[in-house]
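The structure appears right after this line, and notes come after that.
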Amino acid sequence: MDCARRRGRLFGCSFFVVKAALCLLTTLGLPIAAALAQEPVDGAKQAAATDDVLGFSRYLPADTNGYVSLLQAGNVRKVVADSQAWSKLEEVPEVHAALEQARAQWKSELPMPVRAAADLAAAMFATEATFAATPETSRQLVHFVRVVLLAIPTFAPSQLPPGSAEEEALEQLRGPMRTDWLSAVQDVRVPPLVFAWRLPEIGNYRGFIDSMISLAWVGASAEIEKAPPPMRDALKKIYTQTKVGNAPTHRFRLRVGDVVPPMQIEQALHDAQLSATERRVLAHAVADLSIEIHLAYVGDYLTLVVGPDDSFIRQIVDRFEGRSAETLAASRAFAPLRGDLRPESLLVLYSDGEQAQRELLRVLLPLIDQLSHPKLWEAFGAPPTVSAQIQSLKGQLVNAAAASPIRQEAVILLEAGVKQTARMEYELSSAPAVGPLTVPKFVPAGAVAYSAYRYVNLAGVGQQAKGALEQQLAEFAEQRERYAGQPETLEFIDRRAAPMNDLLDLIDGKLAKLAGEVGLVLGPFAKFSMEAPGGPKMENLAVPTLALGIGTADSEQTFQTLTATVQTVMELITSNSGQPSLSLVEQEVDGIAVQGLAPGLLPMQGFEPHLARVGDFVFFSTSHALTKQLRDAQAGKTPDVTTAAAYQAKQEYFPAKAAQLTFINGDTLHAELKSAADAIFAYIQANEEALHIRSDELAQIEQAKRLVATSLELLRCFRAAASGIVVDGSTHNLREWIHLEDLAR
């Protein structure tokens, strides 16, 4: 499996990292644990809660293949507003002043309709907001992309002499594309979509919604009266108030041909580079385009449905009114999700992308072959590299499809923090996990975070780098032809191309074969010092340490391969900058053989980038101290991360058969960041004169200091995070956990 597929397969981890980052960098979602405690419910209440969580899926057709439902966002807002963390944030003078100003403007300056619209928007996301799509949605989106891509080379004016042999050859290329484009245009339809918002007291908002729509239509009607008679009559019929079943509905229906007859469309295309037959076919295809928008009141749901006709809204209303039992909620495909649903559910996601993937590959792969023909782009004056770039998209598209799950279910819970369970099914099966991951035994107990990945190889990364290198070398080849009579220029070009060719050899050879377990470790912060040019020396600043490792069956060969790769990359960087080439130097750090920059080469201490062999792993590390800690933890001389209390508290998220594990220690992260912030402000305070800080800037620094201190206090409620993925054939089962704790506790 290459790295491109690995990224897709680790979707859940990426999602986990995003959520963790939000916890660390924002102050709105922190204090959840204490306020979300729920009383036990009896069977009837539990059933009602399950219905609430299933929500709008009870009214969608069983073949719905895309469903996202956001639940209890209003509850989260209330939890945040009532928390000690929010109170702490409001104590910051700048934040308090900004909030008071916003509240005053809200009360006095905003007109009533705007305030009513804002209240409606808040209510729409207070309990449930749902988006859903059908298989036809993805099919139409793919075909729309096809139409756009075919239109670009088909109708772009060429730079070839009219009537020349080259132009005739171009038209032979464009002929099949023109035919395909015309066929594709006739197949375009508006993709069906639905958005639904649950408003338990929908009657309180219906009058406002109806009045706003009526007011907008009155304004539109005044403009419609100015249109020519045939068009005016058609436009007047666009909007009606009607019913679908028993659901009151605002309907907007438009067919292009009713407003602009096919004859007029055909006349408007007179100057286009189309034959008479093509103009006629295109005009009728455009005239047949239709769109229907329904804003309906379906029980407690304000429902917006878009499509080419009213079939989708009728399916929804039929299910709501009990005329059909074939619903997404009761479908066999949705069954795995139902077991994960809880009253505390915040987000529900369901996706069946198998059909969409196949449609994407079926339509776009042959199209890329057509578009990548070199003669096609030469006719438009584009460089030869364009066709190669387009052809490379084919492999990227295939890799992206392989890296995307064909089916996916996920539930996110608000329960003493944020928890997620997810299943992702892929087209291809993965090798079964054998034994526990090795990386955790290398991670020192005092580390801030780590991630461990099984089944990773560098072929995917290498192929992406290879494409960029080959493109650059093709440009060098063009430059060699252009400057053939200038020896000095040719020598400069060859000097820049040499490390690229060396790197290509490594990618095609040893680098592509490297595969194994990969680990990323964020270690304890290190003391950092640097001579600042023209300023005071930076001393004892805290910076994070980082190590990236790969474990293989032959660590000696891996060490040599990665050393050669890093050396070549450094030569490539220095050749582009014109600086003398840097070299790795063999060294020893407390009995560990490393390859790094020569001591004293960098004007700093605490940042020592190097490669090191530790057990069966080769680490690229930024710190000698971290490398020694990795060695000692793996040897059992010092405690590793698995002994940490925060780690042991959630062992269920670290399964023995995991293919990927991630852990962040919130307490350690807070302590390290606080130490780093204190050191930075102390450095600034001690060197005000040397740094030429003005008196007005001192006030800004004090303000920043207060904001950082408050943010770090809020960060204290982030206690820890963990995730683990177990691979079972083609299915990846994910469990994630972010522990949040209110400052009041």
Can you tell if the side chain of [X] reaches within under 4.5 Å of the side chain of [Y], non-hydrogen atoms only?
X    : Y    : result
L346 : L71  : no
I213 : I209 : yes
M124 : L120 : yes
L673 : L715 : yes
Y647 : N665 : no
L734 : E736 : yes
V306 : F312 : no
V518 : L548 : yes

As an exercise, state the distance from [atom1] of [X] to [atom2] of [Y], rounded to the nearest 0.5 Å.
X    : Y    : atom1 : atom2 : answer
S345 : I412 : OG    : CD1   : 10.0 Å
D309 : R253 : CG    : CZ    : 8.5 Å
S331 : R338 : OG    : CZ    : 6.5 Å
K657 : R454 : NZ    : CZ    : 11.5 Å
L413 : E344 : CG    : CD    : 6.5 Å
L364 : E359 : CG    : CD    : 9.0 Å

Is a side-chain donor or acceptor of [X] paired with a backbone partner of [Y] at a separation under 3.5 angstrom?
X    : Y    : value
R323 : F320 : no
Q357 : A401 : yes
T137 : P192 : yes
T127 : R198 : yes
E321 : N246 : yes
R319 : E326 : yes
E517 : V439 : yes

| said: Does this structure show an ion pair linking D340 with R423, if we count only N-O contacts that are shorter than 4.0 Å? | reply: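 Yes, D340 and R423 are salt-bridged.
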Minimum heavy-atom distance [X]-[Y], with the two atoms named:
X    : Y    : result
Y426 : A403 : CE2-O, 3.4 Å
Y67  : S57  : OH-N, 3.5 Å
E128 : T130 : OE2-OG1, 3.0 Å
A132 : T64  : CB-CG2, 4.1 Å
L328 : F334 : O-CB, 3.0 Å
V194 : I316 : CG2-CD1, 3.9 Å

| task | Evaluate the side-chain contact (heavy atoms from CB on, under 4.5 Å) criterion for residues Q355 and R358: first the C-alpha distance (whole Å), next the side-chain angles of each, then the deciding distance (0.1 Å), finally the verdict. | result | CA-CA 5 Å; Q355 182 178 341; R358 290 176 180 173; 5.9 Å; no
Strictly by modelled atom types, are [X] and [Y] linked by a side-chain donor-acceptor pair under 3.5 Å?
X    : Y    : result
E136 : Q140 : yes
Q660 : T662 : yes
R251 : T240 : yes

| For the residue pair W197 and F195, does the interplanar ring angle fall in the parallel (under 30°), tilted (30 to 60°) or perpendicular (over 60°) class? | parallel
| message | Would D187 and R139 count as a salt bridge (Lys or Arg N to Asp or Glu O under 4.0 Å) here? Give the steps. | response | CA-CA 10 Å; D187 196 35; R139 194 183 84 84; 3.1 Å; yes
| field | Step-by-step side-chain contact (heavy atoms from CB on, under 4.5 Å) determination, L661 to Y450 | value | CA-CA 8 Å; L661 297 175; Y450 87 90; 3.6 Å; yes
| request: Apply the test side-chain hydrogen bond (donor to acceptor under 3.5 Å, both in side chains) to residues E292 and S290: give CA-CA distance (whole Å), side-chain angles for both, the deciding distance (0.1 Å), then the verdict. | output: CA-CA 7 Å; E292 287 202 24; S290 63; over 6 Å; no
| Under 6.0 Å between ring centres, would you say that holds for Y653 and F663? | no
| task | Take S723 and Q420 through the test side-chain contact (heavy atoms from CB on, under 4.5 Å) and record every step on the way to the result. | result | CA-CA 9 Å; S723 76; Q420 180 189 196; over 6 Å; no
| field | Pair F718-L740, side-chain contact (heavy atoms from CB on, under 4.5 Å): steps then yes or no | value | CA-CA 5 Å; F718 172 74; L740 304 172; 4.1 Å; yes
